[in-house]
Amino acid sequence: MIYRYLSENSTWAVGISRTVVERSIENSLCFGGYLDGRQVAFARVVTDYSTFANLCDVFVIPEYRGRGYAKQLIRVVMEHPSLQGLRRFTLNTTDSHSLYARFGFTPPKCPETVMERYSPNIYLT
């Protein structure tokens with residue numbers, strides 16, 4: 001379900017290979033949302049468990065959106081014992097700023113210090 005959503009329906013990873021998804025999950029702290037034994041949501045955190053974390057691949061499958069599941073999922077992520085006391089917790093979003101703002105996320109305090117290498121179409125080969 002995770003691979004299918006990311007590779008076919010996400011706005012950020014269309015075309016991603018199953019191998020890449022599996023490797024990303026193996027190397028991350030992952031969270032799932034389940035209803036009646038069916039997974040309906042997912043999030044993963046890339047972290048060193050000491051100073052830094054990056055929240056990624058957050059989604060609720062379309063037929064379950066609008067019911068507060070994303071808020072519940074992010075609350076669980078933010079309350080996880082291994083993610084407390086971090087100096088920096090980051091994420092990227094194009095359309096869910098208000099969701100993440102509820103949990104203390106803001107635009108970068110010093111955007112002039114942030115750099116990135118971004119290849120948005122890397123999976124579309």
Side-chain angles (χ1 to χ4, degrees):
M1 183 282 282
I2 297 166
Y3 165 69
R4 188 172 48 254
Y5 182 84
L6 291 175
S7 68
E8 298 173 9
N9 302 108
S10 72
T11 58
W12 62 93
V14 169
I16 193 169
S17 73
R18 188 174 184 103
T19 301
V20 170
V21 171
E22 289 173 356
R23 190 169 56 235
S24 72
I25 289 171
E26 289 170 9
N27 292 291
S28 301
L29 177 60
C30 297
F31 299 83
Y34 298 84
L35 286 175
D36 300 322
R38 179 177 183 216
Q39 187 169 6
V40 299
F42 178 75
R44 70 183 181 91
V45 178
V46 178
T47 183
D48 65 4
Y49 297 100
S50 299
T51 65
F52 175 83
N54 185 62
L55 179 61
C56 19
D57 293 339
V58 178
F59 67 86
V60 175
I61 57 176
E63 57 267 33
Y64 290 91
R65 291 181 185 159
R67 301 181 193 179
Y69 298 134
K71 290 180 203 118
Q72 289 178 303
L73 179 62
I74 301 306
R75 183 174 301 108
V76 168
V77 169
M78 299 309 296
E79 292 176 355
H80 192 281
S82 296
L83 300 175
Q84 303 308 303
L86 302 173
R87 181 180 64 232
R88 180 165 291 150
F89 206 133
T90 62
L91 63 84
N92 293 312
T93 185
T94 58
D95 59 2
S96 298
H97 297 78
S98 63
L99 167 65
Y100 298 114
R102 296 172 187 235
F103 297 94
F105 287 92
T106 63
K109 300 282 186 225
C110 302
E112 67 277 6
T113 68
V114 177
M115 296 179 70
E116 69 178 350
R117 286 180 49 178
Y118 181 51
S119 302
N121 297 317
I122 195 167
Y123 307 122
L124 298 175
T125 55

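- Under the side chain to side chain donor-acceptor pair (under 3.5 Å) criterion, Asn9 pairs with no residue at all, not counting sequence neighbours.
- Interatomic distance, CD1 of Ile74 versus OH of Tyr100, reported as 4.5 Å (0.5 Å rounding).
- Listed here is the closest heavy atom pair of Ala41 and Gln39: O-NE2, 3.0 Å.
- Leu73 and Val46 end up in different hydrophobic clusters when Ile, Leu, Val, Met, Phe, Trp and Tyr side chains are linked at under 4.5 Å.
- With values rounded to the nearest 0.5 angstrom, Ile16 atom CD1 is found 6.5 Å from Asp57 atom CG.
- Atom OG of Ser17 and atom CG of Leu6 lie 11.0 Å apart (nearest 0.5 Å).
- A chain of hydrophobic side-chain contacts below 4.5 Å, direct or via other Ile, Leu, Val, Met, Phe, Trp or Tyr residues, connects Val21 to Ile122.
- With rounding to the nearest 0.5 angstrom, the CG atom of Leu55 is 9.5 Å from the OG1 atom of Thr93.
- The six-membered or imidazole ring of Phe89 lies near that of Phe105, with a centre-to-centre distance under 6.0 Å.
- Atoms CG and SG, from Leu91 and Cys56 in turn, are 9.0 Å apart once rounded to the nearest 0.5 Å.
- For Met78 against Gln84, the heavy-atom pair with the smallest separation is O-NE2, 2.7 Å.
- Side-chain contact between Val45 and Leu83 is present, with heavy atoms from C-beta onward closer than 4.5 Å.
- Residue Phe42 holds its CZ atom at 4.0 Å from SG of Cys30, rounded to the nearest 0.5 Å.
- Listed by chain and number, the residues in a ring pair (Phe, Tyr, Trp, His ring centres under 6.0 Å) with His80 are Phe31 (sequence neighbours excluded).
- Residues Ser50 and Leu86 come closest through the heavy atom pair C-CD2, 3.6 Å.
- Using modelled atom types, one finds no donor on one side chain facing an acceptor on the other under 3.5 Å when comparing Trp12 with Asn92.
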Ser10 vs Tyr5, side-chain contact (heavy atoms from CB on, under 4.5 Å): CA-CA, chis, key distance, verdict: CA-CA 6 Å; Ser10 72; Tyr5 182 84; 3.9 Å; yes
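- No side-chain donor-acceptor contact under 3.5 Å links Glu26 to the backbone of Ser28.
- With sequence neighbours left out, Tyr64 forms a side chain to side chain contact (heavy atoms under 4.5 Å, CB included) with Leu35, Arg38, Val40, Val60, Ile61, Arg67, Tyr69.
- Hydrophobic clustering keeps Val14 apart from Tyr123 (ILVMFWY residues linked when any side-chain heavy atoms are closer than 4.5 Å, directly or through intermediates).
- Counting heavy atoms from C-beta on, the side chains of Arg44 and Val58 never come closer than 4.5 Å.
- A distance-only check finds no donor-acceptor pair linking the side chain of Ser96 to the backbone of Leu99 [under 3.5 Å].
- Judged as a side chain to side chain donor-acceptor pair (under 3.5 Å), and not counting sequence neighbours, the contacts of Thr51 are Asp48.
- For Arg18, the salt bridge (Lys or Arg N to Asp or Glu O under 4.0 Å) partners are Glu22, not counting sequence neighbours.
- By the side chain to side chain contact (heavy atoms under 4.5 Å, CB included) test, Glu8 pairs with Arg4, sequence neighbours left out.
- At a threshold of 4.5 Å between non-hydrogen side-chain atoms, the residues Phe52 and Arg87 do not count as touching.
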